[in-house]
Trainee: 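If you scroll down you'll find the structure; I have some questions about it.
Quick caveat: nothing in here was measured; it's all calculated off a predicted structure. Order of the sequence lines fixes the chain letters, A, B, ..., with proteins taken first and strands second; residue numbering starts at 1 for each chain.
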Amino acid sequence: MPPPPSRFLALLSARRPPPLRRLLQVHAHLLAAGLLSSSSDLPSRLAAAYALSTADASFPSPLHHALALLAPLPASAYNAAIRALSSCGDDEGYRHGRGGAGVVVVVRRCLPLYRALLRSGAARPDHLTFPFLLKACARLRERGYGDAVLGHVLRLGLDSDVFVVNAATQFLAVRGSMSDAHRLFDQSTVRDLVSWNTLIGGYVRRGNPGEALGLFWRMVAEDAVARPDEVTMIGAVSACGQLRDLELGRKLHAFVEGNGVRCTVRLMNAIMDMYVKCGSLELAKSVFERIEHRTVVSWTTMIVGYAKFGFMDDARRVFDEMSDRDVFPWNALMTGYVQCKLCKEALALFHEMQEARVEPDEITMVNLLTACSHLGALEMGMWVHRYIEKHRLVLSVALGTSLVDMYAKCGNIEKAVHVFKEIPEKNALTWTAMICGLANHGQASEAIEYFRAMIDLGQQPDEITFIGVLSACCHAGLVKEGREFFSLMDTKYHLERKMKHYSCMIDLLGRAGHLVEAEQLAKTMPMEPDAVVWGAIFFACRMHGNISLGEKAAMKLVEIDPSDSGIYVLLANMYAEANMRKKADKVRVMMRHLGVEKVPGCSCIELNGVVHEFIVKDKSHTDSDAIYDCLHEIALQIRHTDDLLNISATGVV
DNA sequence: GTAGGGTTAG
């Protein structure tokens, strides 16, 4: 007894097509049983399965089998195959990196099918073809295909079909411009709830919450037929979250409850997220507690909420309470640790994640690299780099930027430059990471060169980019360039100059001996100079022997932080250098009298992937004795070298 | 058949 046709139908309709070998067996069987000539769905399902499957050495072009099967069939058969391809990978959720590129390759196969349909004598594209085809085009990177398809829609007069128009709006919102999508919406004679939702959702995705909410209110006021539903409200509430407008958010929440909108989990999740973004952890929590069937998204949103306000213990508790976790909650918790500067915890979490056999993704890698940058953990950072290469993760802008930053902050500037050059798509953040890295490594002229290249390529520098170039100028003593960039910031880029920019500029002027100008800038800057500014002035005074201004700066520093012992020591040193022994002793006495104590500093180092932390006089490390022996040895060598240098400097040798 | 919530870099 052969299996019934329904079994083949189920086999061919599975989310993943059967292997090509099996497909050919099924094909042969259906042919023999005469089932392919019937009016059933079997031929188009088989064609779709061929189109979905991956070619191998023995069957290099399964797509040809698909086209041959479809040739005598009506448009509906083509539509079914295009549909299968256009939503391929939907269930897994579209992800960047692994699999993402493969999905796009499969989606792209809609195009030959559509071309065959256009050429077919038996069938023509219809109103059912375009929603699927446009969905596929929206998932491709190139815009051209979709534009051509939109032209066909007009020529076939299908612009009066609301499904086609909505799909076209969605395509324009995702791959084209929102203004085109909006124009299509305004000029369309057909419009329904989905049309509004598509356009509102498009503006939200593009980060234009003002337009999204404008449309929402217009919909409420104008359209008596299309009432906002839960999808509309997800868009409106998300827009409100982007605006960080708590008052409006509560209003929209009330609107949901007052207008009989279905309270789906998705909507509740969106409301929670809005409350978190608007800064009300309490309201988010109360919504969370009222959700009956929480999804991973609900839990993850709560983790993000706690992490955002620094309650990492609560975030961890929520995380531990979850029953099944995909990569999102792991990433959310890790992001929280990194943002709270708990980098060792972030790395430990990654090890837990590996034990739990959860596949890390691009976001995980970005978090890990950020943690490595803060810790100076080069070995771990390099391990992440190898992992990315081994698993062929796409070197996205964010990932590439994190890599550049990691190498720069962990001391390997050559590798940072190398990676930078390999990143296919760079943005202002990538350039900034490179410029700051070069500056911190003392490669001032390169940093400035990169800055000028960035400008030439039309990338907009921001406050942080200028910190990079200004500190480069500072390290190299490039006063002229520093002045140029400092003024450019205001005149050309209209960027607000922050404390850090002033302190950098003042440091630069001071080191170069322009003490009057440095002091003048400190006096006229729009904010109260901080310890860094006065510290820079003090340092410059000590360097250039300006005792009176140095004293003034020291007094300011004491005023800002009386408990900081460092400044007393430095002041005493300044007097000593200027041969003012009495004043130097006086400061030391004062220090003892005030009972100022040195605050222990902390440093850390990574060895074989383990991060070791040390504080002054710390004996807690297991190898403490050996470490102190080594330290002593180094100190002796330094003293010895120092003596030699002093001797040669004084000309005795 | 078209629309919808959560994690990322300087």
Trainee: Donor-acceptor pairs are to be reported for all side-chain atoms of residues 209-218 of chain A against protein atoms at under 3.5 Å, with residues two or more places apart or in another chain.
Mentor:
{"residue": "A/R218", "atom": "NE", "partner": "A/E222", "partner atom": "OE1", "Å": "3.3"}
{"residue": "A/R218", "atom": "NE", "partner": "A/E222", "partner atom": "OE2", "Å": "3.4"}
{"residue": "A/R218", "atom": "NH2", "partner": "A/D186", "partner atom": "OD1", "Å": "3.4"}

Trainee: OP1 or OP2 of B/dT7 sitting under 4.0 Å from any side-chain N/O of A/Q339?
Mentor: no

Trainee: Round to a whole Å and report the spacing from CG of A/N367 to P of B/dT7.
Mentor: 12 Å

Trainee: When the ring centroid of A/W299 is compared with that of A/F319, is the distance short of 6.0 Å?
Mentor: no

Trainee: Would you compute the distance between atom CG of A/L150 and atom NE2 of A/H152 and round it to the nearest 0.5 angstrom?
Mentor: 10.0 Å

Trainee: Taking atom types as they are modelled, is there a donor-acceptor pair under 3.5 Å from the base of B/dA9 to the side chain of A/N427?
Mentor: yes

Trainee: Under a 4.0 Å heavy-atom cut-off, which of residues 414-423 of chain A touch DNA chain B?
Mentor: none

Trainee: Considering only B/dG10, B/dT7, B/dG1, which nucleotide approaches the side chain of A/A332 most closely?
Mentor: B/dT7

Trainee: Determine whether any donor atom in the side chain of A/D326 lies under 3.5 Å from an acceptor atom in the base of B/dG6, or the reverse, and answer yes or no.
Mentor: yes

Trainee: Nearest whole angstrom, please: distance from the P of B/dG6 to the CD of A/E362.
Mentor: 17 Å

Trainee: Go through the structure and list residues passing side chain to side chain contact (heavy atoms under 4.5 Å, CB included) with A/L495, not counting sequence neighbours.
Mentor: A/E463, A/F466, A/M489, A/Y493

Trainee: Rounding to an integer number of Å, can you tell me how far A/I303 CD1 sits from B/dG6 P?
Mentor: 15 Å

Trainee: Closest to the A/F328 side chain: B/dG1, B/dA3, B/dT7?
Mentor: B/dT7

Trainee: Of the nucleotides B/dG6, B/dG10, B/dT8, which has the atom closest to the A/D273 side chain?
Mentor: B/dG6

Trainee: From the set B/dG4, B/dT7, B/dA9, return the single nucleotide nearest to any side-chain atom of A/I363.
Mentor: B/dT7

Trainee: Between B/dG1, B/dG4, B/dA3, which nucleotide gets closest to the side-chain atoms of A/E230?
Mentor: B/dG4

